[in-house]
Amino acid sequence: MNQVLSDVLEIAPIFAYLYIAGLGHGLVEKSGILNLAVDGAFTLGVALAFTYCTYVLEPTAALALTTVTIGVIGLVIAFLTTKLPISHGAVGLSLMFISYGLASYFGYPAALRIKKEGLELHTYVTNEVTSSIALMVSLLLGFLIYYILYKTKLGASIRAVGENPHAAATLGADVLLIRLITSYLGYALIGVGSALYLLMDVKGWQEGSGMGLGWIAFAVSLAAGRHPLVTMFTSGVFSIILKYRYTLLNFLGPLGMSVFTLNAFQYATAVLAMIIFAVTPLRRRFAPPKSLGKIYFKEERTV
Amino acid sequence: MSVSLFPKETLKSDQKPLISVRGVWKSFPGVVALKNVNLDIFRGEIHAILGENGAGKSTLVKILYGVYVPDSGEIFIEGRKKIITSPIDAMREGIVLVSQVPQLIDSLTISENLLLSLTACGLFNRISSVEKMLLKKSEEYGIKIDPNIEVWKLSYTQKQLVELLRALLVGAKVIALDEALTLLPYAEKRRIYEFVKMFKERGGSVILITHKIPEALEMSDTITVLRRGEVVGTVKASEATLDYVRSLMFGEKATQISYARIATSNVREEVLLDVNDLWVLNDYGAYAVRGVSFKLRKGEVLGIAGVAGNGQLELIQALVGLRKVVRGRILIKQNNTFKDITNASAIQIRRLGVGFIPDEPLKRGVTIENTIVENIAVHPAIVNTIIKWSKVKRIARQLVEEFSIVTPSLNSKVKVLSGGNLMKVLVARELFVTRNLLVAYNPTRALDEVSALMVRKLIKRKAVEEGVAAVVASEDLDEILQISDTVAVMNSGSFVGVFRGEDVNRTVVEGLMVR
Amino acid sequence: MRLIVTKRVKPVKVGRVDILNVLIPMLSVLIGVLITTLIFYIAGVSPDIILKELFLGFTSPQMVRYFVLLTVLGIALALAFNASVWNIGAEGQMIWGMIAAGYIGLFIASTYMYVSPSELKLYENMSGAVIIDRSPVKPVVSLLNMDPLLGQLLMVLAGVVAGGLWALIPAVLKAYLDIDEVASTLLLNYVAYYLYNQVVSVNLRGLSVQARQFFRTDILHDALRFQSVPGFTVTYQEVLIALISFTAIFLMYKYTSIGLRLKVLGSNPHLLRAVGVDERKYVLLALFLSGALAGAVGASLFAGVTYKLEKITNIVSPPTMGLGYTAILVTWLSMLDLRIIPIFAWIVASLFQSGMLLESEVKSLGITSLTGATISYTLIGSILVTFTIFRIFSEYTIKVRR
Ligand SMILES: Nc1ncnc2c1ncn2[C@@H]1O[C@H](COP(=O)(O)OP(=O)(O)OP(=O)(O)O)[C@@H](O)[C@H]1O
Ligand SMILES: [Mg+2]
């Protein structure tokens, strides 16, 4: 029993950052915004958490600041894709590139400063207490998002706007406002995830830190059909793979698995999940929002 | 039935309009949809807006509802100038729009949908907290609806009822019905007109848009006619006649309109199409066509009448190879022998000289981002792998002349054409490729009377002059009666009655349709 | 105050040219450059250095290679984008092109073997033999199996097929299961990167000491490598690939019903179905052709630059150099117009080259806080976002209402 508990707490930090980022990503996409900036935002979040940490010397403050700042990316995306008839893919990719660039732009000077002044990075101590807190907080956030999405008017509006923004507007939803709120919340969560990755897992920064993990969060959420509670499960699976990949290979190695195929498998899982959701009755529950990534122009010809 | 939700004011004869529209202009690419439009809507009146296709009716009510923003012009509500840029603004002023296509979110429940309209309700309110209220209100209106059912499970009529319920719930002073009742079965349409009258009696106003002039004359108090974006007249319904309204709508073209049977007919002996015991599934895996058989002779027009959703669409799609035939056979005569085209691919069938006029022309008939020439070249029966553009251009020029299609040039994108001309491009192309058989589904849906008559005449001419056989399924019984040599009534997937065109009895057909 | 967006009623024309279609991309590049300059100015790099390197980028002979490759990739993506198939997976398709070309080049067109150190002399003068590794214990020799031109042709063909087949995966998913290709192509890039690592470090791993040590293949036989044009880094073969694909695709669009249907697929797939064309096959075709061209570029990367396949150690720098993403910029700026693609391929290639020049320049100045990635990512990102926003003005107008 104790063994299981300590195993769970071992993966808790990874689970926490993956799950929270995955929740955030899913939330953004539920409102119909194709979220291709997720990896950029995650990478930038890691660099920002690192930078904040270097300057404010206090992990919780760094976490809060990262959350607030990354949320702003969400506002930008929501505003551009909703107010203007503009390609979500292009907006997402360009913000991804800019975020990659800014990540190095902020991360490097901070890294230099640490080296020059011989500073110690004040991250969280990862022990059973902090891991349990991270676990509890992430689970609570999951239930909270679930509650908001499926039990409140905001949630109904988010889903409506993601399915059909024209009809939602006709019904009386303020598409822009809803998307701004959702996207800010979603990106703030991605910010929390990226900060936790730095503060509880890697605790150091080099160029490219966090790159690709945003896509893992993307995959985690996609594999769960963007459902906040199912994402809990996929995050669990993915965090086990991330944490125990070498242990796993002891079993899987003889079956022809290598660390490379295991990595490839993580991304392929998301594709497999999409296939499963498309061919089985799960379709209706886990199908992507109908207007995901569709350009929104209020005066569209609808005949 | 409770009346508490209707506006409190009773009908007053004050002359201050509830809504006045002043000098509104609105342009879209290639068309000025509204030109200096003025309109007054008074309390407690049903105000019909009539006009041919593309006259600007929908544009006008969408502007009132904040879907479109006018280029210039003003809107006054109860004498005060208002700027309405979103449906939220409009609902705040008591204006609600119900359109032909229900604007509901399929994956949400009824109460979730309605909740979006309740602006008084905060974003973090629980959905369940309002369910009871919705249930109570809907019962007050005698509308039996389970608020927890998802909208995609509803029938079309139920969806429109939810839309109306929504209007009442938000306390609408004006409900605009933009062809909202056109597609409803007769009995249900009547029932909803009762609601409308009741709403009016309590002081509510209704803007009614329809293509059926008699309906407008019967229901409304005032009629405003739009022509090419301009108001050409506002008349009291009690003082107007069918002919007068028509002449306002169509100008001198109005005299062409007629619903008389097109009598010219030239049915040959030779059988072209032999359909035997056809069974076809619908999208949900149920049999939509159940054992339909018929023989079609050259030069014959077979009209299939029926209420929408009785298998006509599936039958038509099976005929042109767009839907799988589960049982039965389709044979077509080619060089004096019958060729089996059951489950042949659409492209094989189209190569046999089969033309197809689909429903939803904008979706399935043309591609508006491409030019007229490209819209013609897209047909596999017109081009081979290597396109000879000179040949396609020649065909295009010929069709544009023959059908008097109004267009800036052959290389104009179809999106700059008006709705009627766009439809003509489609019909012209399909009639051009038709050498043996024409299959059409609702060929004139959403066309105004003049354009519709033109299309019908063209179909008939093709049959009479070139011996082409035609299968025309339509929900518009007038259309069926006007062009058919043979009338078949389709109900629940089978032909429940087949009549000769000249001695068909309208009431009998109607009876069979709703049996 | 409210922003009201409406459709532009008439295009803004000067003579017969829709002037905004020309102005907007140019302006975006300019603004993107300005934003980047500003960011670097704040970081302490003086604008004249940046502008100087930008200028050099536009004229550098190394740029020509990126120009040619980006032209092919730009066409590849335009093929898909014009059909409204959003292929973000050129990276993965290039990777498979590299692998396939590598397999052909290293195992079919040539043979690698250990020889005994004493035999080494024998091979030194043998025609068609190249000594890959002079290790005193186990030297490795590569022998040519076929005419080098045939070998090169086969490598490119293999790249074409492999890239096309890899692209067929998301194509089938989109056509038959309605699965969004943006997500699937993107995720498949990462699948490709890691499978590439698996393949090069296990299946295709070379014999030489370095190959054993660094998880890579052996190096390609000299005769099979593409020949560079004197004075440039670009090779004859790449130029040929670009010319052939440009002409072929241009003719296909202009004179064949296949091209027309691919275009119509982009504007109205339902119409294709209604006139009897199976639109799903065209989804497959669009992605196959797109992936095939990307695969050809992958083959060129192997046979023209790297000559070997080496494990990716950091996902930030795959052997494709991120060209698959950069090409999105090219195609997008060209507004999917084939004829304009070379122009923007040139501009983007120059900026790409400038980014690299800037990196070394900045390094030599001692401003170590800026890396090549920072520079090129910021540049690409800011141009793309400016363009994406400006682009709407060619079709829409924005009014302010109070
Ligand atoms: N969103 C839009 N974008 C571009 N053009 C439009 C748009 N909406 C309407 N139009 C054009 O404006 C004109 C008026 O259209 P509108 O829909 O108001 O006509 P209508 O009177 O409702 O016709 P119908 O009887 O066919 O419904 C038409 O030429 C139409 O093509
Ligand atoms: Mg209308």
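By convention in this document, chain letters (A, B, ...) are assigned in the order of the sequence lines, proteins followed by strands, and residues within each chain are numbered from 1.
Contact of C:I42 with chain A is made through backbone and side chain together, with heavy-atom distances under 4.5 Å. For C:S317, no part sits under 4.5 Å from any heavy atom of chain A, backbone or side chain. Contact annotation for C:I4: neither backbone nor side-chain heavy atoms come within less than 4.5 Å of a heavy atom of chain A. For a residue to count as touching a neighbouring chain, one of its non-hydrogen atoms must lie under 4.5 Å from one of that chain's; by this rule C:L379 does not touch chain A. Residue A:K298: no heavy atom, backbone or side chain, is found under 4.5 Å from chain C. With a threshold of 4.5 angstrom between heavy atoms, A:N35 does not approach chain C through any atom at all. Heavy-atom distances place the side chain of C:I392, and not its backbone, under 4.5 Å from chain A.
At a cut-off of 3.5 Å, with distance as the only test, no side-chain donor of C:Y377 or A:S104 sits close to an acceptor on the other residue.
A ring-centre distance under 6.0 Å is found for A:W205 and A:Y108. Under the 6.0 Å cut-off for aromatic ring centres, A:F297 and C:Y396 qualify, their centroids lying closer than that.
Within residues 80-94 of chain C, the residues approaching chain A closer than 4.5 Å by heavy atoms are, in numerical order, C:I88. Contacts with chain A (heavy atom to heavy atom, under 4.5 Å) involve these residues of residues 169-186 of chain C, listed by number: C:L173, C:L177, C:D178, C:I179, C:D180, C:V182, C:A183, C:S184, C:L186.
With respect to chain C, the highest number of heavy-atom pairs below 4.5 Å among A:W215, A:F218, A:F260, A:F97 belongs to A:F260. Comparing A:L36, A:V279, A:I275 by heavy-atom pairs within less than 4.5 Å of chain C, the highest count is held by A:I275.
We find the CG-CG distance between A:D39 and A:L44 to be 11.5 Å, quoted to the nearest 0.5 Å.
Between C:Y190 and A:Y267, the ring planes lie parallel to each other; the angle is under 30°, not in the 30° to 60° tilted range.
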